[in-house]
Each structure stands twice: as C-alpha cells, then as structure tokens.
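Just below is one structure, and these are the notes that go with it.
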Amino acid sequence: MAATSLSSPSTTTAAILLGGWRRRTVAFPFRVTCSAAAAGGTVVIGLAADSGCGKSTFMRRLTSVLGGGTAAAAPPRGGEPGTLVEGDATVICLDDYHSLDRAGRKAKGVTALHPRANDFELMYRQVRALKDGRAVEKPIYNHATGLLDPPELVAPPRILVIEGLHPMYDARVRGLLDFSIYLDISSEIKFAWKIQRDMAERGHSLESIKASIAARKPDFDSYIDPQKQYADAVIEVLPTRLIPDDDEGEVLRVKLIMKEGARHFSPAYLFDEGSTISWIPCGRKLSCSYPGISFAYFPDTYFGHEVSVLEMDGRFDKLDELIYVESHLSNLSTRYYGEVTQQMLKHADLPGSNNGTGLFQTIVGLKIRDLCEQIVAERAAPPPALAAVA
Ligand SMILES: Nc1ncnc2c1ncn2[C@@H]1O[C@H](COP(=O)(O)OP(=O)(O)OP(=O)(O)O)[C@@H](O)[C@H]1O
Ligand SMILES: O=C(CO)[C@H](O)[C@H](O)COP(=O)(O)O
C-alpha cells in the first residue's frame, strides 16, 4: 500500500475532487493569502455525510466562496479517476481509503460504511503528512470499476478538505481537523434525493435503491451518524412544518447548528446575538407564495455542547430578494454587503438554492474562509519574543 512520501511540494496547484462529479480538474484561484510551506502547515477541514446527502453540492459552494471561479461552478463531466490538481485547495474524497474493494466487501459481507472496509491508519498518516507539509502517495478508489487504482501523488495544499463517510470517525484523524461539518439529512429527505439522482443519473431501479438504503442503515446508524456529535457545524435537513403531513419533500426545514466556543469560529446570528427569535419575513420586502417562509434563531444544547441554531422553513420565490434576509443576519464573515445573496444567485442552478440548505451551506463556506484566514495569520505571526525584538 502507498506510503507517505517525504518529498516537498514543487507546485502551488491542488486537487478538486467532488463526489458525484469526481475527479475533474477545475481552476481554483484562491485569494486567501496563505501558503502551506510559508505559513507552517495546512488547514484541514472535514465534511461528513452519507452518500447522496449533498457533499458535492456543498463543495461546489465552498470552493466558489474560497475563490474558485466559474470552473468550480461548471456542470459535471466526471468519470475519470485520479485526484486532479490545480489551484490552492485540495479536496480528498475519503472513499479513496476503502481498504476493501467492491468484491472484497461482498466477500466479507460488509458495506463501505463499516470500519473494516476502510484504512484509518493510512488515512491518519497521510492527512498528518499533508498537514505537516509532506506530499503523499494517496490511493484511489475507482467507482466505475469498484477497484483500487494505482496511487497518485498529492502535494500539501493551503487548505485540505477531507470529505466522505468518515472524516470524524477515527479519533486521530479527527484530532487533525481545524473545523468539521456534518450534513444530517433526515431519512425521508435522503431517500427522495437518492431516488432522484440514482434513477435519473445512475440508471438504478427503485427497488435496488430501496434495498441499498436498507442494507446500509445499520452501519450508517453505528458508524456515520454518531460523527455529528463532534462537528463544529451541522446542517440538519428535515420535512417542513409549514404544510401539515407533507409527504412531497419539496419544502424543507433546515437548521444550522453552530457550536459555541469552537476555535476561530463564532456563530452567525439573527437580529440579536444570544436571543431567541421567531421571524416571518414575508411581506413588503420578501415575496412568499404558499406555504411561506419562517426563520428562527435560538440557543440550544447539542450532545452536551452549547450551540446557536439558525432555522429556515420554506423556500424563496425570488432569490434576489434574499438581500432582505441577509441584511438581518449578522456575523456572516462576508467581505462586503450582499455577498451571501451574490453567492446564492451565482449558484442558483445548484440544488437547494431556493431554501435553507443553500443559504446555510453558503454561510458555512464564508465562515470557513474566515477561519482559514485567521489560522494562517496566526501561524504566520512571529513568536511573541521575536515580535518584541522586531
Ligand atoms: N439541497 C438539496 N436540495 C435538493 N436536492 C439536493 C440537495 N443537495 C443535494 N441534492 C440532491 O441529492 C443528490 C446527491 O447530491 P450530491 O451529489 O451533492 O451528494 P453526495 O453526498 O456528494 O453524494 P455521493 O457521495 O453519493 O457522490 C443529487 O441528486 C442532488 O441533486
Ligand atoms: O458510500 C459510498 C461513498 O460514496 C459508496 O457506496 C462507497 O464508496 C462504495 O462505492 P461503490 O458503491 O461505487 O463501490
């Protein structure tokens, strides 16, 4: 199996490797002024979710916020294996650390979600190496063949995003994360999204999708879902409360659960920090058709941690009117007035752009950009003694 390489990065390029449209090269001009070598290490972000829960969609919003141009928003071409390199951030899909290929899992009777099907030792060693500024020979799991392809060289980037099933499962890997996010999609919504994608894009039958979801459920409950307790931010997607007994799943209630006290991260808020707010913004400045829109903001506890929660139920009719909502939100880590609305308009074609999933993914992306800048500035600052001499 591939070992970490001791070679230094000879390039300022990086990899973008995005779930459903994995492994296509995208230009990623990155404006945050940090360099892995100069600033003393890579910032590592973990994004966890089950398959089909919107990781790729989130990554497209995140890379756009971090500085990815139009290429990051381009439609998928997908298919070809191999981490692709260009830009200043690297996104590694943790499927590449499957230690059992498709046939191996079948023979042993385990799903890809089971720890036995994944090499956490290698994952830890390689993320550690990248964080320390050393290139690695990362394995590649090929979803087209179900086999492990020959490894590829990955250079340490300025920001490393590890996305997939288990970024927070192994305590050692978890300890390397500077920030972590969990996408918590309720089972009925996940089912609807998976059916829509796997039938339309992957040619699976309804029965086979149902069987696959049922087969994965025990391992999902044991090994994937518990990771949310470690996340600094959780985006929870639930059925709406605005339509009684809704079974269409078109209107969503979305919660952004933000941990208090996480380093370099301070939660966004609505109107008044720390208060409890319920807000129906529909009226003169925001058009709302049935069933309307409601927002909430409140303190809560989540797995014993103090958190702040922003909640949105409903969907926007006119995306440009989102500026009205944005102007009532604070601590968004935007660089200019209206940046959230601008990002949402830029990616209006992405799923969830008219509801809380897109809005909260965009806000988390902005918070990550801010966090990276803070960490880089901190690491680049001279030690106090040297600063005093200077
Ligand atoms: N916010 C959303 N609203 C509606 N549908 C969504 C949303 N996010 C994702 N989807 C749908 O869910 C499906 C899976 O999304 P995506 O490819 O982003 O997930 P993923 O976690 O990367 O999946 P995988 O790991 O299997 O590649 C897509 O068909 C997408 O259209
Ligand atoms: O949960 C998954 C993460 O994307 C996949 O099912 C896992 O990676 C196995 O992939 P495949 O079904 O293509 O062999």
Side-chain angles (χ1 to χ4, degrees), residues 16-23 47-63 75-76 78-79 81 91-106 110-114 117-119 139-149 161 163-167 181-186 188-202 204 208-209 211-213 215-217 219-220 223-224 235-240 248-254 256 312 315-316 344 347-362 364:
I16 302 292
L17 182 152
L18 304 178
W21 45 300
R22 285 189 169 86
R23 300 185 173 114
L47 172 65
D50 195 5
S51 166
C53 285
K55 296 185 295 295
S56 308
T57 309
F58 180 83
M59 289 315 309
R60 291 175 76 179
R61 290 189 199 279
L62 174 65
T63 52
V91 183
I92 287 179
C93 175
L94 296 177
D95 294 354
D96 289 332
Y97 293 93
H98 289 335
S99 51
L100 295 175
D101 62 14
R102 200 175 290 154
R105 292 194 299 270
K106 198 169 172 196
V110 293
T111 73
L113 295 80
H114 198 288
N118 296 279
D119 188 342
I140 298 172
Y141 179 75
N142 186 327
H143 283 271
T145 61
L147 297 170
L148 288 155
D149 284 349
V161 184
E163 63 94 359
L165 298 170
H166 305 98
I181 309 116
Y182 185 88
L183 303 181
D184 187 8
I185 316 299
S186 65
E188 51 271 69
I189 308 292
K190 180 158 70 172
F191 188 56
W193 289 1
K194 208 160 165 58
I195 285 177
Q196 174 195 318
R197 185 199 52 189
D198 289 0
M199 287 181 80
E201 294 174 22
R202 300 188 179 177
H204 297 310
S208 73
I209 298 167
S212 148
I213 289 176
R216 292 166 66 103
K217 175 98 172 76
D219 285 348
F220 172 78
Y223 308 115
I224 310 303
I235 298 179
E236 198 173 289
V237 183
L238 303 152
T240 182
E248 305 231 325
E250 293 288 322
V251 182
L252 302 174
R253 180 164 68 98
V254 187
L256 172 57
M312 175 185 165
R315 58 188 165 191
F316 299 112
M344 291 282 281
H347 298 294
D349 57 327
L350 287 182
S353 287
N354 67 347
N355 64 36
T357 59
L359 176 62
F360 294 154
Q361 287 178 5
T362 302
V364 173

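Keep in mind it's a predicted model, so treat the numbers as computed, not measured. Counting convention: from 1, in listed order, for ligands and their atoms alike.
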### Query
Does L252 reach ligand 1 with a nitrogen or oxygen that is under 3.5 Å from one of the ligand's nitrogen or oxygen atoms?
no

### Task
Examine distances only and state if a side-chain atom of T240 and a backbone atom of V251 form a donor-acceptor pair shorter than 3.5 Å.
no

### Task
Verify the ring-centre separation between Y223 and H166: is it less than 6.0 angstrom?
no

#### Entry: Any N or O of K55 closer than 3.5 Å to N or O of ligand 1
yes

### Query
Quick one: does S51 get an N or O within less than 3.5 Å of an N or O on ligand 2?
no

### Task
Heavy-atom contacts with D95 under 4.0 Å: which atoms of ligand 2 show up? List them by number with element.
3 (C), 4 (O), 8 (O)

### Query
For atom 29 (O) of ligand 1, which of R197, E163, M59 has the closest heavy atom?
R197

### Proximal ligand 2 atoms for Y141, defined as those under 4.0 Å from one of its heavy atoms
10 (O), 11 (P), 14 (O)

### Query
Any sub-3.5 Å donor-acceptor pair from T362's side-chain atoms to G358's backbone N or O?
yes

### Task
Spell out, as yes or no, whether a donor-acceptor pair under 3.5 Å connects the side chain of R105 to the backbone of T111.
no

### Message
Suppose I only count heavy atoms of D50 and a 4.0 Å limit; which atoms of ligand 1 are within that range?
### Response
21 (O)

### Query
Any idea which atoms of ligand 2 are less than 4.0 Å away from a heavy-atom of H98?
7 (C), 8 (O), 9 (C)

### Query
Which bit of T357 gets closer than 4.0 Å to ligand 1, counting heavy atoms only: side chain, backbone, both or neither?
side chain

### Task
Kindly indicate whether the side chain of D184, heavy atoms from C-beta on, has any atom under 4.5 Å from the side chain of I235.
no

#### Entry: D96 side chain vs I92 backbone, donor-acceptor pair below 3.5 Å
no

### Query
Which of the atoms in ligand 1, numbered in the order shown and given with their element, are less than 4.0 Å from a heavy-atom of G352?
1 (N), 2 (C), 3 (N)

### Query
To which of G164, S353, S56, S51 does the heavy atom nearest atom 22 (O) of ligand 1 belong?
S56

### Task
Identify, by atom number and element, the atoms of ligand 2 in contact range of A112, meaning under 4.0 Å from any of its heavy atoms.
7 (C), 9 (C)

### Message
Exactly one of K217, K55, K190 should register a salt bridge (Lys or Arg N to Asp or Glu O under 4.0 Å) with D50. Which one does?
### Response
K190

### Query
Is the side chain of N118 donor-acceptor paired with the backbone N or O of A112 at a distance under 3.5 Å, no angle test?
yes

### Task
Answer with side chain, backbone, both or neither: which part of R105 has a heavy atom less than 4.0 angstrom from an atom of ligand 2?
side chain

### Message
Only heavy atoms of Q196, strictly under 4.0 Å: list the atoms of ligand 1 that pass.
### Response
31 (O)

### 4.0 Å heavy-atom contact, A49 with ligand 1
no

### Query
Which part of L165 is near ligand 2, with near meaning a heavy atom under 4.0 Å away: side chain, backbone, both or neither?
side chain

### Summary
Tightest non-hydrogen contact, residues Y97 and P139, listed as CE2-CD, 4.0 Å

### Donor-acceptor pair between S353 and R61 side chains, under 3.5 angstrom
yes

